[in-house]
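Inspection log for the structure reproduced underneath, given as structure tokens.
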Amino acid sequence: MRTIPHWINGQATEGTSGRHLDVTNPATGEVAGRVNLAAAGEVDAAVGAAAKAYESWGTSSLATRTKVLFAYRELVHRHADEIAELITAEHGKVHSDALGEVARGLEIIELACGIPQLLKGESSTQVSNRIDVESIRQPLGVVAGITPFNFPAMVPLWMFPMAIACGNTFVLKPSEKDPSASLRLVELASEAGLPDGVLNLIGGDKPAVDRLLEHPDVSAVSFVGSTPIAEYVYNTGTAHGKRVQALGGAKNHMLVLPDASLDLAADAAVSAAYGSAGERCMAVSVVVAVDPIGDELVGKIAERAGKLRIGPGDDPSSEMGPLITREHRDKVASYVPQAREQGAEVVVDGTDYTVSGHENGFFTGVSLLDKVTSEMNAYRDEIFGPVLSVVRAKSYDEAIALMNSSPWGNGTAIFTRDGGAARRFQLEVQAGMVGVNVPVPVPVGYHSFGGWKASLFGEHHVYGSDSVHFYTKGKVITTRWLDPSDGGVNLGFPQNT
Ligand code: NAD
């Protein structure tokens, strides 16, 4: 049995806690490895290594850091296939989708390669008589990252390249469900020349997270996961004096106005709802169809949904793989009969689905629910699976009121040919990321990613310029080179003249 170790101070390290968890291949249901689950001692060792490494990394030159980051970019690029295979083996998503995740992660490494430009401070000359002012940003120290199962490569890459580029050292606690891709990314950073201790990884679950949240030497925590845990991490981390950004769950709505191309809207809805088996925080899980196009749009979505090829992620003909665990698959499937009982129309029922030769895999088919209302469980909960709800609305106003009453505000999209309607939507909708005829509006690396309401606790989005602000603290230096004429005691408040 393969064990998945911690990575502390530049070395793979077996756990001492005695706790392990099986890591399963979701396409076969077979145990693929065992991840070590860290206890407080192992977390302390990782934070200790990071604190020691910070003594030199925190003052290392920008040239030193970018040299490593450029080498790292090349290594991750070269190993993209291998990382994608690790993702597929433990997460289940199809290989092309896993490669897409690596590509989006690479965008952030590329952003980090440009850190000298991003970290340039500001200066003002002669703000007063021979006084100059300079604003600089300095690293925080040891930063921790806690990441979810659904993007085991991309989400860690949202965090640590920018954190270490800013001069911090890092402890990553990836999801215990599929940690191997995250571990490989950390190993590659060592191969790229990152000094030991700058980037560490601990396998683990709640005890490891709790220790990171209370550890006095951890300055900041970046978290991505479900809303209840995001809120817990934010409250606990900030109560221990840390800077925290905690990205939570989502229920993303796609609004389709009557003037939209229904074929393009149906393509987009199917791609965004069922890609990665719906296990994306930016998945579209609700389509809001404005009268009178509902019947036609639902027909087009159903037609496309029925043709999707579902199978193991390492089969190039598969478009959608299994769900992460058997329990999650069963929970996802339970929403379909519940919705029927609560009055929805089940247009496509994918719950009774097996893949030949993979009977023990955690597969489900795709489901489409129509005439869903805001009281139904399928509407209220983040299902995080391939179940798409269609809600009918009489007007744009009714649709936007529904969307803005959602407790979440991660991503959203509008499909229309009307520029005025799109502009109104982008200003009125209560969400952090908006797509106009773009169903999954994940921003590029040099813009920031983050939601509103229960999709983000804390004020900083991830990556882009927000990450420079999150991973550094500001300092302002006011300088005057003294001249004899500056003499004299003056108890008044300093004024700029
Ligand atoms: P999760 O909240 O269960 O786990 C996330 C991390 O928190 C993991 O590392 C896990 O070990 C840890 N954790 C879990 N329970 C904990 C507890 N009780 N105490 C302390 N730590 C705990 O999330 P998940 O199931 O791995 O991921 C799916 C969720 O993540 C979905 O809700 C999805 O929307 C969300 N997500 C959000 C974004 C975003 O950008 N907003 C991106 C990806 C995923």
Side-chain angles (χ1 to χ4, degrees), residues 19 21 23 26 35-38 43 90-93 101 104-105 108 144-159 171-179 181-183 201-214 221-237 244-252 276-285 323-325 327-329 331-332 381-385 406-412 431-433 440-443 448-458 460-464 466-467:
R19 293 177 65 231
L21 188 77
V23 175
V35 61
N36 288 312
L37 298 178
V43 177
E90 294 181 357
H91 174 284
K93 66 176 76 172
E101 150 169 15
R104 293 310 298 262
I108 315 305
I146 300 157
T147 53
F149 81 83
N150 66 323
F151 285 107
M154 183 182 76
V155 171
L157 288 172
W158 282 357
M159 300 174 180
V171 178
L172 173 65
K173 205 301 285 171
S175 171
E176 63 277 31
K177 297 191 175 104
D178 50 6
S182 313
L183 178 63
L201 177 147
I202 45 166
D205 52 359
K206 182 174 169 54
V209 172
D210 285 345
R211 181 60 188 151
L212 285 171
L213 293 177
E214 70 190 23
V221 177
S222 294
F223 172 90
V224 176
S226 60
T227 288
I229 310 300
E231 190 167 17
Y232 167 76
V233 165
Y234 183 80
N235 290 339
T236 312
V244 182
Q245 57 178 181
L247 282 70
K251 190 86 186 175
N252 304 312
S276 199
E279 289 175 327
R280 289 182 186 145
C281 66
M282 290 291 275
V284 165
S285 47
L323 293 177
I324 184 72
T325 60
E327 298 69 34
H328 185 56
R329 190 266 316 270
K331 183 166 180 233
V332 167
D381 296 353
E382 182 187 31
I383 299 176
F384 221 55
S406 169
W408 290 286
N410 212 39
T412 186
M433 292 168 284
V440 183
V442 176
S448 298
F449 179 111
W452 287 11
K453 301 195 265 185
S455 296
L456 174 68
F457 300 86
H460 289 96
H461 290 194
V462 290
Y463 64 77
D466 260 29
S467 62

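Note: hydrogens, waters and symmetry copies are ignored here, and every other heavy atom, side chains too, is used. For clarity, every value in this text was computed on a predicted model and none was experimentally measured. In each ligand, atom 1 is the first atom listed, and ligand 1 is the first ligand listed.
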Looking only at distances, please establish whether an N/O atom of ligand 1 is found under 3.5 Å from an N/O atom of Trp158.
no
Do any nitrogen or oxygen atoms of Gly225 lie less than 3.5 angstrom from nitrogen or oxygen atoms of ligand 1?
yes
Tell me if the NZ atom of Lys453 is crowded by more than 12 foreign heavy atoms within 6.0 Å.
yes
Can you find an N/O atom of Glu176 closer than 3.5 Å to an N/O atom of ligand 1?
yes
Examine Lys173 against ligand 1 and note whether any of their N/O atoms are separated by less than 3.5 Å.
yes
Can you tell which of Asn36, Leu172, Leu212 makes a side chain to side chain contact (heavy atoms under 4.5 Å, CB included) with Ile202?
Leu212
Over 60° means perpendicular and under 30° means parallel, so classify the ring planes of Phe449 and Trp158, tilted if in between.
tilted
Distance col, row Arg280:CZ vs Phe384:CZ, nearest 0.5 angstrom, shows 10.0 Å
Within the protein, is there a heavy atom lying under 4.0 Å from atom 21 (N) of ligand 1?
yes
Measuring from atom 26 (O) of ligand 1, which candidate in Phe149, Phe223, Phe384, Phe151 has the nearest non-hydrogen atom?
Phe149
When only distance counts, is Tyr232 in polar contact with ligand 1, meaning an N/O pair under 3.5 Å?
no
Given 3.5 Å as the limit, does a donor-acceptor pair link the side chain of Glu279 with the main chain of Ile324, or not?
yes
So is Asp210 polar-close to ligand 1, meaning N/O to N/O under 3.5 Å?
no
Could you check whether any side-chain N or O of Tyr463 sits under 3.5 Å from a backbone N or O of Pro443, counting only pairs where one atom can act as donor and the other as acceptor?
yes
Gly248: heavy atom below 4.0 Å from ligand 1, yes or no?
yes
For Asp205, the option from Arg19, Lys173, Lys177 that meets side chain to side chain donor-acceptor pair (under 3.5 Å)
Arg19
